[in-house]
2 protein chains.
Amino acid sequence: MTTRSKPGPRQRLLDAAQELTYREGVAVGVDSLLKTANVARRSLYEHFGGKDGLIAEVLRRSAAEDEAAYRETMAAAGDEPRARLLAVFDRLALIVDRADFRGCRYLAADLALADPEHPGHAVTREYRANVTALFEAELARLGHPRPGHAAGQLLLVVDGIMVAAATRPDSDPAGAGRELALGILAQAGAAGAAGAARGRIGGGAT
Amino acid sequence: MTTRSKPGPRQRLLDAAQELTYREGVAVGVDSLLKTANVARRSLYEHFGGKDGLIAEVLRRSAAEDEAAYRETMAAAGDEPRARLLAVFDRLALIVDRADFRGCRYLAADLALADPEHPGHAVTREYRANVTALFEAELARLGHPRPGHAAGQLLLVVDGIMVAAATRPDSDPAGAGRELALGILAQAGAAGAAGAARGRIGGGAT
DNA sequence: TGTGGAGTAGATCAACCGGTCTATATAGTC
DNA sequence: GACTATATAGACCGGTTGATCTACTCCACA
């Protein structure tokens with residue numbers, strides 16, 4: 001838009017697609033993408049090979065950005081693992097309350113891309129694995145007895161927050177989810193102090 | 001399938017659509033629905049007014065069935081509210097592990113139906129409200145200090161289980177979710193014992 | 001100067017979409 | 001037996017989809 005060193009068709013297309021596929025879903029028409037990006041039809045097929053390639057690339061870029069945002073959020077919260085993890089949920093509360101929030105892009109993509117061979121699925125899978133690993137590292141530092149399990153639980157809560165925020169925003173999903181996260185983190189505190197006092201802690205493999 | 005008093009086109013169409021829209025999403029083509037149901041094209045428009053009407057009706061029927069399943073599960077678990085609620089998550093573990101599990105039908109429908117005025121959205125909204133109410137009633141009986149809030153949390157966990165099971169089934173989502181549910185119920189136990197002995201805790205209204 | 005790659009504009013394509021139509025067949029009822 | 005409801009079969013419609021193709025413009029660089 002601004003007359004600033006013209007970003008080039010590829011960039012414009014990625015920008016437009018990133019926004020449109022989130023707002024309207026990955027089922028947006030190619031024409032709509034081209035028109036929004038002010039890009040010739042041919043450029044799409046030159047740069048991305050087709051709509052599927054563009055969508056996959058958009059998911060890749062989004063995932064990289066979101067992962068970076070996770071890291072930044074945690075970095076800004078200091079060194080204490082507990083504070084770093086809670087900061088994630090505080091940030092989630094802000095995201096979810098934004099007027100343009102429309103749910104989780106990756107979940108929507110997975111549900112909308114019927115073909116299980118679509119390259120987008122691999123991207124979303126890796127994204128989730130990376131976020132889980134991020135959680136797990138903090139939980140391990142926190143001394144949680146089952147960091148891998150708890151990381152999965154945290155991601156489950158994150159997923160639940162996103163879904164609840166998208167489908168019934170009145171229920172304060174972020175607040176409810178944060179409380180659940182607190183419960184997960186509390187197990188680390190209890191286990192750290194009292195060991196296996198609660199008894200349920202089985203094979204603690206990652 | 002059995003040659004049993006021919007279910008009629010309307011019923012056949014509903015049956016086929018209920019299965020196909022779950023397996024392939026609500027974006028299935030009309031032709032595919034008609035062919036699977038062995039129903040004439042015209043019958044669809046006679047009975048449901050169009051594809052949207054059929055989808056809405058399928059969602060209504062599914063919601064009624066699923067609500068009934070919730071009630072039956074709880075009824076089969078006896079009278080104890082805690083056992084009744086945990087039975088829901090035990091059943092969820094079975095559902096999620098079935099080979100034909102493909103995520104939450106209602107969430108997928110909400111994400112796929114771009115038009116916010118689509119009649120399907122009202123159905124899914126009511127379904128979620130009904131399930132929440134079901135949870136809330138048990139939590140209130142359990143003496144939970146914030147049954148409405150906790151019910152929202154339980155539904156958040158249910159949503160999280162469904163999403164996690166659909167997107168990363170290796171993470172034992174049902175087990176992880178059940179533990180979270182236990183934590184929510186535990187709050188009732190703690191508050192219930194103290195609250196019942198000392199009198200009511202604030203905000204006890206539904 | 002001029003050549004070639006990149007981008008644009010847009011016609012065109014086959015396939016498919018949901019929906020309407022006519023014609024025909026079947027079943028139940030007076 | 002005739003009438004009417006309902007269902008079937010399938011041609012047909014306009015619109016849209018993603019994709020291919022040609023023709024033209026533009027600009028950097030040799």
Side-chain angles (χ1 to χ4, degrees), chain A residues 1-18 20-21 23-59 108-109 111-121, chain B residues 1 3-21 23-59 108-109 111-121:
Chain A
M1 268 298 175
T2 67
T3 60
R4 182 149 203 77
S5 72
K6 47 181 173 182
R10 186 190 150 93
Q11 196 65 24
R12 271 179 289 154
L13 203 39
L14 277 175
D15 291 341
Q18 191 160 0
L20 271 185
T21 58
R23 208 173 57 200
E24 305 185 16
V26 294
V28 257
V30 167
D31 289 357
S32 179
L33 292 170
L34 298 176
K35 192 176 176 184
T36 306
N38 265 305
V39 157
R41 205 170 193 77
R42 178 162 187 160
S43 301
L44 193 167
Y45 295 92
E46 286 287 339
H47 286 293
F48 303 101
K51 190 194 178 187
D52 288 353
L54 173 60
I55 287 178
E57 191 56 39
V58 163
L59 288 175
L111 290 180
L113 299 177
D115 178 11
E117 301 304 316
H118 192 288
H121 293 302
Chain B
M1 31 193 82
T3 60
R4 183 149 203 78
S5 71
K6 47 180 173 182
R10 185 190 151 93
Q11 196 64 23
R12 270 179 291 153
L13 203 40
L14 277 175
D15 291 340
Q18 190 159 1
E19 208 245 321
L20 270 185
T21 58
R23 208 172 57 200
E24 304 186 17
V26 294
V28 257
V30 167
D31 289 357
S32 179
L33 292 170
L34 297 176
K35 191 175 177 184
T36 307
N38 265 306
V39 157
R41 203 171 191 75
R42 176 161 188 159
S43 301
L44 192 169
Y45 296 92
E46 287 288 336
H47 286 293
F48 303 101
K51 189 195 178 186
D52 288 352
L54 172 61
I55 287 178
E57 191 59 37
V58 164
L59 288 174
L111 290 180
L113 300 177
D115 177 12
E117 301 303 315
H118 193 288
H121 293 302

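Below, chains carry the letters A, B, ... as their sequence lines are ordered, and counting in each starts from 1.
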Asks: Whole angstrom is fine here: how far is it from CG in A:L34 over to P in C:dG7?
Replies: 14 Å
Asks: Measure from NZ on A:K35 to P on D:dG18 and round the result to the nearest Å.
Replies: 15 Å
Asks: Going by the salt bridge (Lys or Arg N to Asp or Glu O under 4.0 Å) test, which pairs reach into residues 47-56 of chain B, not counting sequence neighbours?
Replies: none
Asks: Could you state the atom-to-atom distance from CG of A:L44 to C1' of D:dG18 in whole Å?
Replies: 10 Å
Asks: Taking salt bridge (Lys or Arg N to Asp or Glu O under 4.0 Å) as the cut-off, I'd like each qualifying pair that reaches into residues 24-38 of chain B, sequence neighbours left out, listed once.
Replies: B:D31-B:R41
Asks: Is there a donor-acceptor pair closer than 3.5 Å between any side-chain N or O of B:R12 and the backbone N or O of B:N38?
Replies: yes
Asks: At under 4.0 Å between heavy atoms, what does B:R12 touch on the DNA or RNA strands: base, sugar-phosphate, or nothing?
Replies: sugar-phosphate
Asks: Taking all atoms of both residues into account, what is the closest heavy-atom pair of B:P116 and B:H121, and its distance?
Replies: O-CD2, 3.6 Å
Asks: Among residues 48-56 of chain B, which ones have heavy-atom contacts with DNA chain C below 4.0 Å?
Replies: B:G50, B:K51
Asks: Any N/O pairs under 3.5 Å between the protein and nucleotides 10-12 of chain C? List them or say none.
Replies:
none

Asks: Expressed in angstrom and rounded to an integer, what is the separation of A:Q11 atom CD from C:dG7 atom C1'?
Replies: 16 Å
Asks: Can you tell me if A:S43 touches the phosphate of C:dA6, counting only side-chain N or O atoms and a distance under 4.0 Å to OP1 or OP2?
Replies: no
Asks: Rounded to whole Å, how long is the line connecting atom CG of B:L13 with atom C1' of D:dT8?
Replies: 13 Å
Asks: Using purine N1 to pyrimidine N3 plus N6-O4 or O6-N4 for Watson-Crick, or N1-O2 and O6-N3 for G-U wobble, both under 3.5 Å, which nucleotide pairs with C:dT26?
Replies: none
Asks: Using side chain to side chain donor-acceptor pair (under 3.5 Å) as the criterion, list what pairs up with A:H47, not counting sequence neighbours.
Replies: none
Asks: A:Q18: what forms a side chain to side chain donor-acceptor pair (under 3.5 Å) with it, not counting sequence neighbours?
Replies: A:R61, A:S62, A:E65
Asks: Distance check needed: D:dA9 C1' versus B:N38 CG, whole Å only.
Replies: 12 Å
Asks: So, using side chain to side chain donor-acceptor pair (under 3.5 Å) as the criterion, who are the partners of A:E46 when residues are at least two apart?
Replies: A:R42
Asks: If you find the nucleotide of DNA chain D closest to A:V28 and the one closest to B:H47, which residue's nucleotide is nearer the 5' end?
Replies: B:H47
Asks: Quick check on D:dA5: syn or anti? Syn means the glycosidic torsion is within 90 degrees of zero.
Replies: syn
Asks: For B:E19, which residues count as a side chain to side chain donor-acceptor pair (under 3.5 Å) partner, sequence neighbours excluded?
Replies: B:R23
Asks: If the condition is side chain to side chain contact (heavy atoms under 4.5 Å, CB included), which residues does B:A112 pass it with, not counting sequence neighbours?
Replies: B:V26
Asks: Atom CG of B:L33 to atom P of C:dC16: distance rounded to whole Å?
Replies: 16 Å
Asks: Could you tell me the separation between the CZ atom of A:R10 and the P atom of C:dA6, rounded to a whole number of Å?
Replies: 13 Å
